[in-house]
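For reference, the structure is listed below as structure tokens.
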Number of protein chains: 2
Amino acid sequence: MSTDERKEREKQEMRQLIVRTAMKLFAGDGIDNVSIRKIAEAIDYSPGSIYSYFKDKGEIIHAIHNEGFEKLFALQQSLDSIKDPRERLAKMGELYIKFAMENKDYYDLMFIAKGVAEKIQEKKEWDAGQRSYNSLRTTVAECIEKGYLKDTDIDAATFAMWGFVHGMASLIIRGRCAMMPDEVVQQILKGSLKFIYDNVGSITNNK
Amino acid sequence: MSTDERKEREKQEMRQLIVRTAMKLFAGDGIDNVSIRKIAEAIDYSPGSIYSYFKDKGEIIHAIHNEGFEKLFALQQSLDSIKDPRERLAKMGELYIKFAMENKDYYDLMFIAKGVAEKIQEKKEWDAGQRSYNSLRTTVAECIEKGYLKDTDIDAATFAMWGFVHGMASLIIRGRCAMMPDEVVQQILKGSLKFIYDNVGSITNNK
DNA sequence: TTAATTATTGAACATTGTTTAATTATTGAA
DNA sequence: TTCAATAATTAAACAATGTTCAATAATTAA
């Protein structure tokens, strides 16, 4: 094991340490209340040190962002075994919402937060998101193919389904349903998923 | 006209001046790049002066937030003349998306931005939003009543429709479709609206 | 004109992200 | 081991942020 290799490994370990610490602090204190200084303090380094491992704060957030997409895509893959695309579509919606609700900080970073998307566009790094999108897209395409959904533009239909689940998740995460008690929101959420899949899927049922 | 009355009027004018200036700067430089100092400079006052008229920055944002809801609700009311609830629902979706796309800053403040919802909850001031929500809710209720939508929980169905349009709008506004050219996004958006209303409304058509 | 009230200011505070020159630690070669 | 070179780390500084507050200026009622 050469010294260079070890150096490189240590660098990666340090990056991971920073990211993991940032993540923990984000989850605890909220993303906006975590400064570079707090991250540095938590790992007993000086603030300046962070900048030897990350260009700026955005790059740390971007790293967490990527981890989030790994997680989500892994979940999506677990549905590949479901053969009926209609059932797979429904399950994918449930799974998406579940992911959002159980990983609010991740989800916020991935799909809501400002300043993250710009970073991705610069780096042309939307592979992570693209894979997730394609997973949904092929399912929607199969649904159309088998006549479960009306024959329209595949991307339009995919975007509609994505928008539907993202919309509900983001309204909840960003406190736009805060006037309702939590249990009620959960109830409505469940009902909304059922509503859409009942209505959208029912065309073929009635044929 | 008493002096007190004039004083009060001047205070309101000053508040309006601040809000309007803030709004203009938001639209031009982006919400995050507008500081209290910049607003103060734009109206030739010192930063401290702002705090004689607003408790904090959040209160300025909250004022703009309210204006946004006035605007949106006024638009929604223009659809009251449409008798067929199915058509009204579709038009309301189009209108909502149109509002979001043409007033991205307003929309962001109203439905996406952080720290705004908390303020509303404190002040119990969700009337503005509630009126808009109810407008959608009664339309959905009519659709269910007339059999255009499957009979489910009204709030679940309403939340689903809201989530659908909000989801697409917020994904676009927060740059999650930035990998696609603008015209394509607009095309997909149009297709998605059609997709949902075709599928959801078609139950009765096929009966 | 004067005393009291009100409006406005500018300086100050704490906190933020980020940069940089100086310091410390580590390395590879003699 | 010793020493020069390289790399890692730090503390201090910068500019900008929201916000507060004592001092000043303007306005009011008597």
Side-chain angles (χ1 to χ4, degrees), chain A residues 1-19 21-23 25-26 28-65 109 113-116 118-119 122, chain B residues 1-19 21-23 25-26 28-65 109 113-116 118-119 122:
Chain A
M1 167 181 60
S2 82
T3 352
D4 279 1
E5 277 172 352
R6 200 206 57 210
K7 277 269 173 75
E8 180 57 28
R9 199 198 58 211
E10 281 174 351
K11 194 149 197 153
Q12 290 308 321
E13 283 173 356
M14 184 69 169
R15 282 179 62 98
Q16 244 194 334
L17 178 63
I18 293 170
V19 168
T21 308
M23 226 167 57
L25 293 176
F26 283 173
D29 304 351
I31 291 171
D32 295 321
N33 299 322
V34 177
S35 62
I36 295 284
R37 281 175 178 81
K38 278 184 194 162
I39 299 173
E41 197 185 1
I43 58 174
D44 293 315
Y45 276 80
S46 83
S49 264
I50 307 270
Y51 289 86
S52 306
Y53 298 91
F54 292 94
K55 187 178 141 283
D56 54 25
K57 196 184 183 182
E59 228 174 60
I60 300 176
I61 289 172
H62 184 246
I64 300 178
H65 168 274
L109 237 54
K114 253 182 183 164
V116 183
E118 291 75 5
K119 199 121 246 161
E122 281 172 26
Chain B
M1 167 182 60
S2 80
T3 349
D4 278 2
E5 278 172 352
R6 201 207 56 209
K7 277 271 174 72
E8 179 57 29
R9 201 198 56 213
E10 282 176 349
K11 194 147 197 156
Q12 290 307 321
E13 283 173 355
M14 184 67 169
R15 282 178 62 97
Q16 243 193 336
L17 177 63
I18 292 169
V19 168
T21 307
M23 227 167 55
L25 293 177
F26 283 173
D29 303 351
I31 293 171
D32 295 321
N33 300 322
V34 177
S35 62
I36 296 284
R37 281 173 178 82
K38 277 184 193 162
I39 299 173
E41 196 186 3
I43 59 175
D44 292 316
Y45 276 80
S46 81
S49 265
I50 308 271
Y51 289 87
S52 305
Y53 299 92
F54 292 94
K55 187 180 139 283
D56 53 25
K57 197 184 183 183
E59 227 174 62
I60 301 175
I61 289 172
H62 184 246
I64 301 177
H65 168 274
L109 238 53
K114 254 181 183 166
V116 183
E118 290 74 6
K119 200 122 244 159
E122 280 172 27

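All figures in this text were calculated on a predicted structure; none of them were measured in a lab. Quick note on labels: first sequence line is chain A, next is B, and so on, each numbered from 1.
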Practice prompt. Heavy atoms under 4.0 Å is the rule here; annotate nucleotides 9-19 of chain C 5' to 3' with B where the base is hit, S where only the sugar-phosphate is, and - elsewhere.
Written response: BB-B---BBBB
Atom pair [atom1]/[atom2] of [X] and [Y] - distance to nearest 0.5 Å:
X: I50(B); Y: T21(B); atom1: CD1; atom2: OG1; value: 8.0 Å
X: I64(B); Y: I18(B); atom1: CD1; atom2: CD1; value: 11.0 Å
X: I39(B); Y: L25(B); atom1: CD1; atom2: CG; value: 6.5 Å

Fill in: Strand DNA chain C as a dot-bracket string - pairs counted if Watson-Crick or G-U with both distances under 3.5 Å, | where the partner lies in another strand
||||||||||||||||||||||.|||||||
In whole Å, I'd like the distance from the [atom1] atom of [X] to the [atom2] atom of [N].
X: D32(B); N: dA16(D); atom1: CG; atom2: C1'; result: 14 Å
X: E41(A); N: dT10(D); atom1: CD; atom2: C1'; result: 15 Å
X: M14(A); N: dA8(D); atom1: CE; atom2: P; result: 11 Å
X: E13(A); N: dA8(D); atom1: CD; atom2: P; result: 14 Å
X: I61(B); N: dT19(D); atom1: CD1; atom2: P; result: 9 Å

Discussion item. Between R37(A) (side chain only) and P47(A) (backbone N and O only), is there a donor and an acceptor less than 3.5 Å apart?
Written reply: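 Not at all, since once roles are kept as given, no pair shorter than 3.5 Å links the two residues.
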Practice prompt. Give one of base, sugar-phosphate or nothing for F54(A), where a contact means two heavy atoms less than 4.0 Å apart.
Written response: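 Since no nucleic acid heavy atom lies under 4.0 Å of F54(A), the category is nothing.
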Fill in: Residues in salt bridge (Lys or Arg N to Asp or Glu O under 4.0 Å) contact with D44(B), at least two apart in sequence or another chain
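Result, salt bridge (Lys or Arg N to Asp or Glu O under 4.0 Å) vs D44(B): none returned.
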Worksheet item: Side chains of Q16(B) and Q12(B): do they bring a donor and an acceptor to under 3.5 Å?
Response: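 Their side chains do not contain a donor-acceptor pair, so the 3.5 Å distance test is not met.
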Fill in: Any side-chain heavy-atom pair of E59(B) and D56(B) under 4.5 Å
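When only atoms from C-beta onward are counted, D56(B) and E59(B) do touch, with a gap below 4.5 Å.
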Practice prompt. May I ask you to decide whether R9(A) forms a salt bridge with E13(A), counting only side-chain N to carboxylate O separations under 4.0 Å?
Written response: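 Salt bridge between R9(A) and E13(A), a charged N being under 4.0 Å from a carboxylate O: yes.
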